[in-house]
Amino acid sequence: MYLTQQTDYALRVLIYTAVNHDDLVNIATIAETYDISKSHLMKVVTALVKGGFLHSVRGKGGGLRLSRPPEEIRIGAVVRTMEPLQIVECFSQNNQCIISHNCRLAEILHGGVKAFLAHLDGFTLADLLNKSMHEVLYISQIPIIAEP
């Protein structure tokens, strides 16, 4: 199974936001940190806000924060929000396949998708966080400069 770049970016945004939970974060900083397009991130963040994973604070001094604790954000839920999960035409409402009524492929693939998502549901955003992730992504660190 292949996940889209938007899902990859969504998970990265959530990781970044979770690591920096003490501060509001902004799209420009996230884009710079990961060296990815700010315009792509804006679309991803919009989906994450609509999906209830992020809360957006508008205005001067605004930014993003998690809408709930990392322990409550299931990776499977994020993937469901970001991915169409229509891996074959017959999963679509616009199905034009002439063998759909007699084909077992959809049933088999649906089972695979269901198992994949069930596995991801076993993990939360908190499971993706560790000390080294914190060291790389935490923005409030102030470097200590030794005085001569």
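- For Glu71, the CD atom sits in a packed shell: over 12 heavy atoms of surrounding residues, nucleotides or ligands are nearer than 6.0 Å.
- Side-chain heavy atoms closer than 4.5 Å link hydrophobic residues (I, L, V, M, F, W, Y) into clusters, and following such links, even through other members, never connects Leu24 to Val13.
- Note on Val57 and Met42: separate hydrophobic clusters, where clusters join Ile, Leu, Val, Met, Phe, Trp and Tyr whose side-chain heavy atoms are under 4.5 Å apart, directly or indirectly.
- Across all their heavy atoms, Gly122 and Asp127 have their closest contact at O-OD2, 4.1 Å.
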Report the C-alpha separation of Glu83 and Thr4 in whole Å, then their side-chain angles, then the decisive distance to 0.1 Å, and conclude whether the side-chain hydrogen bond (donor to acceptor under 3.5 Å, both in side chains) test is met.
CA-CA 7 Å; Glu83 292 290 327; Thr4 63; 2.8 Å; yes

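- Distance check, rounded to the nearest 0.5 Å: CZ of Phe116 to CG of Leu85 gives 8.0 Å.
- Tracing side-chain contacts under 4.5 Å through hydrophobic residues (I, L, V, M, F, W, Y), one reaches Leu120 starting from Val44; they form part of the same cluster.
- Across Ala47 and Thr81, no two heavy atoms sit closer than the pair O-CG2, 4.0 Å.
- Ile73 contributes atom CD1, which lies 11.0 Å from atom CD1 of Ile15 (distance to the nearest 0.5 angstrom).
- Of all the heavy atoms in Val25 and Tyr16, the pair that sits closest is CG1-CE2, 3.7 Å.
- Closest non-hydrogen pair, Gln6 versus Met82, comes out as O-CE, 3.7 Å.
- Taking OG1 of Thr7 as the start and CD1 of Ile75 as the end, the distance is 11.0 Å to the nearest 0.5 Å.
- Taking CD1 of Ile30 as the reference point, atom CZ of Arg12 lies at 11.5 Å (rounded to 0.5 Å).
- The minimum heavy-atom distance between Gly52 and Arg68, with the atom names listed, is O-NH1, 2.8 Å.
- A salt bridge links Arg80 with Asp121; the closest basic N to acidic carboxylate O contact falls under 4.0 Å.
- Atom OG1 of residue Thr124 and atom CG of residue Leu14 lie 11.5 Å apart, to the nearest 0.5 angstrom.
- With rounding to the nearest 0.5 angstrom, the CG atom of Asp8 is 9.0 Å from the OH atom of Tyr34.
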